[in-house]
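Beneath this line is the structure, given in structure tokens, with notes to follow.
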Amino acid sequence: MLTGRESLVRLIGRRRRSPLPASLAAVLSPSSPFPAASTAQADDGGGSGEAAGAEAGPSSGGSGGVGVSAEWVSCPVCGESIRGSDYCVNTHLDICLTRGTKRKLTQSTLLNFRFSKKVSAEPASNNLKNEIETESVKQIDEDLSRDQAFFSLDIDIEGSKTGPSLSSPGCLNGLLGISKTISTYVPSNTLLPNVKDDVSNVPVEHYSSSRHPTMATSRSIDACADLDSSTIIAVDTVIVGRRFHENIELREDAGITFQRDPQNAKDSDAIKVLYAASECEEMLGYLPRELAKVLAPLMDRQYVECEGYVVGLPEQQLGNVLIQITVQKYQRNDDPKYSQSLWEKFISTIKSGNFQRPTIARYQKNFNLMISDVIANHTHVFSDIEKSFLASFKSLSDDGQHLFVRIYTRKGPWFRKSTISYREILDLEHAAMELKVAGYIDMLSCTVDPSEYDMKEILDVLSVPEMKEILKELQKDKTTCTRRHELVCTLLSLYHNGTCSSLPERILKLTGTCIRISKMADELLWRIQRLFFLNGDQDLSSFLLVEFGVVKFPDYARSISHRPFQERSDMLEYEEAIRVAQVMDESLDNNNMDLVTRCIDLSENRLCAMSKPENATSPEHPPSFFSRFSASWVYSKILTLGVSVYERDRRYEDAIRILKILLSKIPCDRRRGYWTLRLSVDLEHMGRPNESISISEGGVIDPWVRAGSKLALQRRVLRLSKPPRRWKIPSYANYVKRNIKEVNIEGRPLNCETGAKNLFYGYDGELCGVEQLALQYYADEGGGWQGTHSEGGIWMTIFGLLMWDIMFSDIQDVFQSKFQMAPLDLETDDFYKSRKDLAESHLKKIQDGMAEEMLIISWELHQGTTCHGVNWDRHSLTDLRAVVACIGGHRLALLLRHLAVDYRSWSSGMPDLLLWRFLDERGGGEAKLVEVKGPRDQLSEQQRAWILVLMDFGFDVEVCKVSPVVKRR
């Protein structure tokens with residue numbers, strides 16, 4: 001992989017699916033010159049960078065969006081200035097009026113083991129157009145009727161969320177009912193039958209808790225002064241975990257019974273709901289967990305008897321079934337105080353609980369939490385339109401929110417609506433239309449012009465047999481393509497050259513209506529996720545990992561005085577830079593070197609137009625470790641990758657130009673060592689040795705050039721600075737030329753191919769690598785050593801455990817998110833500087849011999865907690881204690897201080913093997929570090945730098961060279 005590619009991919013994180021904004025697409029086109037200023041700054045007036053100002057409404061355009069030359073008009077509803085194109089005006093008006101203030105998803109998940117039947121159609125080519133026209137008229141009528149229904153129901157969305165929902169069939173919002181003896185409590189916000197919708201004036205039927213003929217309505221809970229003395233309580237609730245069978249015909253007023261299920265693996269308090277009308281009382285589901293928790297102890301001790309009936313059936317197949325339970329209390333003489341305490345706990349839970357409200361899905365709750373947190377803490381980076389758009393998400397129905405989050409977390413971008421099937425989405429049609437009107441999704445059907453979208457993305461919805469079927473109709477029996485990418489390319493060429501202009505209609509006849517995340521929603525939700533997690537590695541799955549106990553993040557205090565993005569323009573510039581990085585990464589995947597060059601040139605122009613970062617240390621300025629959240633940081637990564645691309649293609653002049661720009665524009669960065677080294681090497685390739693040695697000499701004295709890069713430059717200076725170029729020998733010559741101890745061993749090789757991993761027969765006759773062979777040598781002939789092959793892994797684990805309190809101490813601005821594994825300044829100079837006193841007192845204890853005790857305490861307190869560098873599974877506490885004891889406090893303190901001062905530069909390149917052995921029963925021991933090299937392997941500069949540093953600290957370090965057995969006569 002090219003140097004810098006992996007780092008860039010991690011920075012990009014989740015790729016955005018929306019098309020490039022028109023401004024950025026124009027800049028990256030081959031025929032356009034580069035503007036001096038960022039397009040994000042030009043769009044800072046209203047939208048979201050790519051979705052800003054004119055594109056404030058959700059865009060459904062695929063390739064171009066809105067024309068740049070369209071004139072601006074004022075919205076008659078909100079007064080915003082928008083571009084005057086038909087699409088922008090219409091979509092913006094949709095937002096204003098409604099605001100009121102899987103790939104193919106047939107794969108199953110843990111929450112969904114239900115498969116939908118695929119819609120298939122085989123239109124004949126001669127009557128295709130007539131069928132399409134007929135369906136288009138029907139689709140238009142359906143869309144118009146649905147839109148009118150939504151506008152009539154959603155005028156007061158905010159108000160509807162506080163009370164019972166009138167726009168979500170099957171959503172139960174009535175509260176619980178409680179009665180004394182034969183009375184049932186009906187709360188004030190429970191709607192009775194024949195209530196008319198205030199908006200549409202249409203009768204709406206709702207569930208009521210007073211349907212049983214023998215029950216009467218009573219006063220509210222607060223008015224029941226003698227509720228605690230009641231002996232019979234009626235509770236309205238729902239069935240959860242339903243298991244209906246085909247032979248069960250559920251009806252209203254049907255009797256139900258209850259049975260304890262103490263052997264339930266998920267909940268020992270589980271209570272089954274059984275159908276009393278069936279012969280064997282078949283199971284319908286369970287009572288809600290909160291209710292079962294207080295009712296189960298009463299049932300186990302036979303303090304109560306429970307019976308019930310079905311209050312009402314849902315309109316949707318998987319809607320909640322309302323039931324009413326009658327709980328009768330019995331007096332027991334065995335332990336009246338205990339039974340009374342259980343009864344009072346039950347009554348208290350019933351008063352405060354609501355067992356009819358459908359349980360909110362975890363991912364829905366987490367998604368809303370993420371949006372609320374970001375809007376509260378980063379409100380300055382969003383425009384008013386964007387904040388209003390995001391706030392409208394909470395006004396959507398549960399079905400709408402479920403559908404959006406489900407397809408947002410899929411790859412997409414397009415999904416067949418006919419194949420979307422999730423248990424928690426009761427009304428898919430309603431949810432899809434609600435999201436379309438609110439601007440969260442685009443919908444592609446026969447009534448929509450498909451030329452607005454990227455045809456390649458639409459083709460990805462088709463399966464291989466479906467694409468072959470279309471090609472067979474077009475080319476009769478001349479189809480020779482078999483692979484997916486070949487079929488896609490063939491269909492695209494036929495579409496673009498006019499041979500198959502009806503391709504979109506043919507696709508839609510096979511797929512039906514398709515949906516995708518809208519441009520504005522995709523852009524804003526990408527920003528929300530990046531601001532919440534502050535990296536590209538984490539996403540919504542982090543919530544579930546925490547809730548399921550798979551991952552536990554450390555406890556730390558979040559003392560925040562600055563946010564990563566001080567101004568909205570900073571965020572927009574950063575977003576645009578990430579988009580350029582994504583385009584470059586995709587272009588490398590597609591081997592589109594012309595577009596790769598355009599991305600490099602654009603990044604070069606952007607970086608040159610930016611001023612040098614200020615080296616300010618005053619409290620008013622943001623901390624220096626926030627520089628990673630700047631556009632210049634992203635562009636520097638793009639250019640670093642660009643250098644690798646140019647060097648691979650032997651374009652050394654271009655690489656030299658970019659490296660000089662990086663060194664001149666970014667004065668404080670650890671990558672300066674890599675840039676300086678590559679500049680010196682490329683100058684030598686171009687036959688300019690004098691300039692090359694001057695660059696190397698300057699890099700040696702650069703304070704930001706460290707570790708392996710500095711040693712490599714020193715060695716270059718010694719190699720190039722021979723008379724007559726240089727007569728004076730540098731002062732570091734003796735240090736660099738120090739001898740490193742070597743040990744040579746032989747092994748029987750299985751293969752010794754260049755570029756392949758070397759395999760040998762070990763001392764036990766089994767196949768192994770050179771590191772395992774060396775471990776066996778040191779355990780046997782080498783002196784009875786124990787050891788592990790972990791390179792730097794075991795050292796990072798020891799550092800994390802012994803420096804835990806230092807890493808997670810209360811420092812300003814280093815913890816911005818709840819999902820951090822390390823402080824933001826860990827890999828910067830600020831880490832040690834801001835904690836110097838605390839770190840030195842900690843290291844003093846380690847030097848005085850308390851490391852093993854501190855290690856045990858840290859392990860017991862934090863075991864299983866996620867921490868940067870700590871691997872709980874690979875290294876046991878026994879091995880770690882042995883390592884710490886054998887190394888000694890003095891050497892260990894020096895090593896940990898070295899990592900704390902410059903963690904980033906020294907976190908890689910450590911020797912392969914860490915060996916230890918005890919010399920006597922009193923605990924005295926020694927340790928050895930070994931770098932293992934196979935045939936034709938050489939030490940890297942970073943490995944050589946580590947060996948020299950360890951030798952300075954007093955460690956026993958050596959290089960073990962493994963060579964094939966030499967055949968002798």
Side-chain angles (χ1 to χ4, degrees), residues 1-12 34 36 38 573-574 576-578 580-581 583-585 588 596-615 624-686 688 691-710 712-713 716 827-829 904-905 941-942:
M1 182 178 286
L2 293 168
T3 302
R5 179 80 185 275
E6 185 178 354
S7 175
L8 191 71
V9 171
R10 288 199 306 269
L11 177 65
I12 295 168
F34 292 112
S38 170
E573 290 175 357
Y574 178 79
E576 184 188 68
I578 293 288
V580 176
V583 172
M584 182 170 181
D585 184 49
L588 286 171
V596 169
T597 303
R598 297 290 297 176
C599 291
I600 296 172
D601 292 342
L602 175 61
S603 302
E604 181 182 341
N605 281 272
R606 290 281 192 265
L607 190 61
C608 289
M610 294 178 180
S611 58
K612 284 187 178 181
E614 297 181 7
N615 214 357
S624 59
F625 54 83
F626 278 176
S627 61
R628 74 183 72 175
F629 304 111
S630 64
S632 60
W633 173 272
V634 182
Y635 288 130
S636 67
K637 281 188 169 291
I638 297 173
L639 292 178
T640 302
L641 178 57
V643 169
S644 300
V645 172
Y646 285 153
E647 289 178 340
R648 182 192 62 182
D649 298 338
R650 300 182 183 275
R651 297 172 57 179
Y652 296 117
E653 285 289 357
D654 292 327
I656 290 170
R657 185 188 73 254
I658 292 177
L659 288 167
K660 287 183 176 180
I661 291 173
L662 288 170
L663 289 169
S664 64
K665 300 300 292 186
I666 304 180
C668 303
D669 196 292
R670 285 175 176 76
R671 294 171 295 172
R672 288 180 63 84
Y674 173 77
W675 298 335
T676 305
L677 179 61
R678 296 315 308 166
L679 178 57
S680 178
V681 172
D682 291 342
L683 286 170
E684 188 178 7
H685 286 319
M686 295 301 295
R688 295 149 68 177
E691 191 175 353
S692 175
I693 191 174
S694 298
I695 292 295
S696 297
E697 289 173 336
V700 168
I701 61 175
D702 189 335
W704 290 96
V705 177
R706 304 169 183 176
S709 297
K710 184 172 183 177
L713 289 171
R716 283 188 64 80
E827 297 184 346
T828 69
D829 290 355
R904 181 180 178 85
S905 298
E941 300 297 348
Q942 181 72 8

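Since the structure is predicted, the reported quantities are computational estimates derived from the model, not experimental observations. Atoms considered below: every heavy atom in the structure, side chains included; atoms not considered: hydrogens, waters and symmetry mates.
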Original post:
Closest heavy-atom contact between Asp601 and Asn605?
Top reply: O-ND2, 2.7 Å
Original post:
Is there a side-chain contact between Ser636 and Arg671 (heavy atoms, below 4.5 Å)?
Top reply: yes
Subject >> For Asp585, side-chain contact (heavy atoms from CB on, under 4.5 Å) partners two or more places apart >> reply: Arg5, Val9, Ile12, Arg15, Asp589
Original post:
Got a salt bridge between Asp649 and Arg651, using NZ or NE/NH1/NH2 to carboxylate O under 4.0 Å?
Top reply: no
Original post:
Between the main-chain N or O of Gly708 and the side-chain N or O of Glu941, is there a donor-acceptor pair closer than 3.5 Å?
Top reply: no
Subject >> pair Asp669-Trp633: side-chain heavy atoms closer than 4.5 Å >> reply: yes
Subject >> Met584 side chain reached by Val580 side chain, heavy atoms, under 4.5 Å >> reply: no
Original post:
Distance-only, no hydrogens or angles: does the Ser627 side chain make a donor-acceptor pair with backbone N or O of Ser624 under 3.5 Å?
Top reply: yes
**OP:** List the atom of Ala631, the atom of Glu573, and the distance in Å for their closest heavy-atom pair.
**Re:** CB-O, 3.6 Å
Original post:
Is the charged tip of Arg706 near the ring of Trp704: under 6.0 Å from the six-membered ring centre and within 45° of its axis?
Top reply: yes
**OP:** Looking only at non-hydrogen atoms, find the nearest pair between Ile638 and Ala577 and report the distance.
**Re:** CD1-O, 3.9 Å
**OP:** Nearest 0.5 Å please: distance from the CG atom of Asp654 over to the OG1 atom of Thr597.
**Re:** 8.5 Å
**OP:** List in chain and number order the residues that pass ring pair (Phe, Tyr, Trp, His ring centres under 6.0 Å) with Tyr652, two or more places apart in sequence or in another chain; answer none if no residue qualifies.
**Re:** His685
Original post:
Between the side chain of Thr3 and the main-chain N/O of Ser644, is any donor-acceptor distance below 3.5 Å?
Top reply: no
Subject >> Between CZ on residue Arg606 and SG on residue Cys608, distance to nearest 0.5 Å >> reply: 11.5 Å
Original post:
Side chains of Val681 and Arg716: closer than 4.5 Å at any heavy-atom pair?
Top reply: yes
**OP:** Return the minimal non-hydrogen interatomic distance between Val634 and Ala581, and the atom names on each side.
**Re:** CG1-CB, 4.2 Å
Subject >> Note: Arg657-Glu653 ion pair, threshold 4.0 Å (strictly below) >> reply: no
**OP:** Calculate, to the nearest 0.5 Å, the distance between atoms OG1 and CG belonging to Thr640 and Leu662 respectively.
**Re:** 5.5 Å
**OP:** Ignoring hydrogens and angles, tell me if any N or O in the side chain of Lys665 forms a donor-acceptor pair with the backbone of Met610 under 3.5 Å.
**Re:** yes
**OP:** Kindly compute the distance separating CZ (Arg648) from CG (Leu2), expressed to the nearest 0.5 Å.
**Re:** 5.0 Å
**OP:** Measure across Lys710 and Val700 and return the closest heavy-atom pair with its distance rounded to 0.1 Å.
**Re:** CE-O, 3.5 Å
**OP:** Check the pair Thr828, Arg904 against side-chain contact (heavy atoms from CB on, under 4.5 Å), reporting the backbone distance first and the verdict last.
**Re:** CA-CA 7 Å; Thr828 69; Arg904 181 180 178 85; over 6 Å; no
**OP:** Begin from the C-alpha positions of Leu588 and Val645 and carry the test side-chain contact (heavy atoms from CB on, under 4.5 Å) through to its verdict.
**Re:** CA-CA 10 Å; Leu588 286 171; Val645 172; 4.3 Å; yes
Original post:
Do Ser696 and Thr676 have side chains that get closer than 4.5 Å, going by heavy atoms?
Top reply: no
**OP:** Examine distances only and state if a side-chain atom of Asp702 and a backbone atom of Gly698 form a donor-acceptor pair shorter than 3.5 Å.
**Re:** no
**OP:** For residues Leu607 and Ser632, report the shortest heavy-atom separation together with the two atoms involved.
**Re:** CD1-CB, 3.9 Å
Subject >> Value rounded to 0.5 Å, distance of CG in Leu8 from CD1 in Ile578 >> reply: 7.5 Å
Original post:
Would Ser709 and Arg670 count as having a side-chain donor-acceptor pair, cut-off 3.5 Å?
Top reply: no
**OP:** Kindly say whether Cys599 contributes a backbone atom to a donor-acceptor pair with the side chain of Ser603 at under 3.5 angstrom?
**Re:** yes
Subject >> Between CZ on residue Arg672 and CG on residue Leu679, distance to nearest 0.5 Å >> reply: 10.5 Å
Original post:
So do Asp682 and Tyr646 actually touch side chain to side chain, heavy atoms under 4.5 Å?
Top reply: no
